[in-house]
2 protein chains.
Amino acid sequence: MSQADFESKSPRPGRPRSEAARIAILRAAHQILMEDGLGRLTVEAVAERARVGKPTIYRYWRNAQELVMAAFLADPAPAQAMDDAGAARGRLQAQMNHLLDTFDTVRGRQIALTMAAADPESELAKAFRTRIMLQCREEGRSILTEAESRGEVHLTAGIETILDLIYAPVFYRLLVGHKPLSREFGSGIVDLVWTSICIRPSREIS
Amino acid sequence: MSQADFESKSPRPGRPRSEAARIAILRAAHQILMEDGLGRLTVEAVAERARVGKPTIYRYWRNAQELVMAAFLADPAPAQAMDDAGAARGRLQAQMNHLLDTFDTVRGRQIALTMAAADPESELAKAFRTRIMLQCREEGRSILTEAESRGEVHLTAGIETILDLIYAPVFYRLLVGHKPLSREFGSGIVDLVWTSICIRPSREIS
DNA sequence: TATTTACGTTACGATACGTTTCATAATGAG
DNA sequence: CTCATTATGAAACGTATCGTAACGTAAATA
């Protein structure tokens with residue numbers, strides 16, 4: 001009788017895990033990330049704030065990095081209701097605005113930093129960035145591929161490169177901080193990319 | 001007689017600082033960054049590898065972060081001799097290739113990570129990123145503004161936004177690692193941006 | 001009831017930070 | 001030459017943190 005069998009047959013013997021403790025830990029971690037930033041988060045501090053023992057934290061997560069990622073994912077940003085009806089360019093712009101609203105925040109920067117600081121090849125980092133990046137990137141992809149099928153744009157340069165051109169500058173300014181993010185910046189990005197890929201180039205933007 | 005006066009009048013009394021120690025420290029730090037990465041560099045390890053005392057390190061630099069930045073700056077990447085004669089687009093492409101050669105390395109990623117992990121508002125971080133970013137960014141700016149003065153491109157979207165579109169995707173892939181950097185990627189970036197800003201749009205690229 | 005698993009507290013050994021103390025070294029001034 | 005000064009590396013210090021072990025108690029199942 002393996003453990004899997006055991007679990008499927010009846011509840012485990014012994015004390016059950018405390019969901020209240022788990023939630024308190026995730027909340028405490030998130031608060032510390034917002035107040036002190038990624039570099040100052042310690043398991044000790046989280047344990048103290050959540051009023052739990054360190055062993056409890058280590059029962060759920062292997063290290064601080066894993067806890068941090070879990071904390072961000074446990075408190076997901078609000079998804080935007082995407083309007084499927086409008087023009088592709090307008091939808092891309094709206095989505096960019098939503099991305100800026102979501103990431104031009106303390107939280108956004110800490111998320112980006114967490115992603116950057118992780119070993120890119122680790123399964124943990126892959127899973128995290130998939131979760132963080134997937135929604136907006138897939139929306140962008142969907143907008144662009146639909147526009148392509150309507151003959152409005154060409155994606156010759158490769159959809160992945162185009163998506164990077166759209167989203168990377170946000171991330172870049174978020175992390176490097178050499179210039180602020182702004183709606184104007186977001187519009188500039190969308191304008192540049194759209195001008196490049198649209199099949200009927202429109203010079204009236206100049 | 002202030003310290004500045006003192007220094008300008010005659011050599012300081014007492015034992016002079018050891019340039020050999022300073023160089024050994026910077027080299028050791030750089031080696032550890034290349035082998036273990038930013039997150040694993042400790043002052044203790046640098047001191048041991050450089051065969052110096054910790055107080056010696058702290059006499060020169062206030063903390064590990066400052067030392068890391070100094071180590072990267074002490075070993076600058078080779079500057080590319082820029083050919084002023086070619087077409088702007090080709091020069092931009094060549095510069096992008098050089099940027100990829102320089103940054104698609106262990107060192108490049110550690111530099112980017114160092115920049116990202118620093119508090120963007122600190123004077124130290126500002127100075128560091130200025131040093132790291134200034135050369136390639138100013139070259140790109142120069143290429144584009146010359147092309148603009150020749151009536152080849154328009155920079156309506158703002159030169160800063162355009163420069164971010166060119167360089168951010170490199171940084172993004174370098175840090176996030178969701179897809180590799182490549183010459184093809186670099187060409188894709190330059191193509192997309194060029195198509196967007198050039199005044200005579202050329203459709204033969206599609 | 002006994003057994004099992006989870007809990008928080010406490011303690012542990014290891015590592016690292018930034019600083020102090022110390023003996024020695026390396027200079028310039030008198 | 002002596003003396004004063006500054007730098008050096010080794011050693012030590014107090015503090016913080018990591019990840020884990022030990023412990024008494026709690027909360028469940030059989």
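Just so it is clear, the values below take in all heavy atoms, side chains as well, and ignore hydrogens, waters and symmetry mates. Everything numeric in this text was worked out from a predicted model, so none of it was measured. Proteins come first, then strands; the chains are lettered A, B, ... in the order of their sequence lines, and each starts at number 1.
Between B:Arg40 and B:Glu35 there is no salt bridge, since no side-chain N of the basic residue sits under 4.0 Å from a carboxylate O of the acidic one. Of the charged side-chain nitrogens involved, none lies within less than 4.0 Å of a carboxylate oxygen, so that B:Lys126 and B:Asp119 do not count as a salt-bridged pair.
The separation between B:Ile57 atom CD1 and C:dT19 atom C1' is 14 Å, rounded to whole Å. Rounded to an integer number of Å, the gap from CG of B:Leu67 to P of C:dC17 is 10 Å. Atom CD of B:Glu66 and atom P of C:dG18 are 11 Å apart (whole Å). Regarding A:Arg15, its CZ atom lies at a distance of 7 Å from the P atom of C:dG8, rounded to whole Å. In this structure, the NZ atom of A:Lys54 is 9 Å from the P atom of D:dT17, given to the nearest Å. A straight line from CD of B:Glu44 to C1' of D:dT17 spans 14 Å, rounded to a whole angstrom. Across the protein-nucleic acid pair, A:Trp61 atom CH2 and D:dT20 atom P stand 15 Å apart, rounded to whole Å.
For the pair A:Tyr58 and C:dG8, the criterion of a side-chain N or O lying under 4.0 Å from OP1 or OP2 is not met. Considering only side-chain N and O atoms, B:Arg59 lies nowhere under 4.0 angstrom from the phosphate OP1 or OP2 of D:dA7.
Relative to the six-membered ring of B:Phe72, B:Arg107 misses at least one condition, a distance below 6.0 Å or an angle of at most 45° to the axis.
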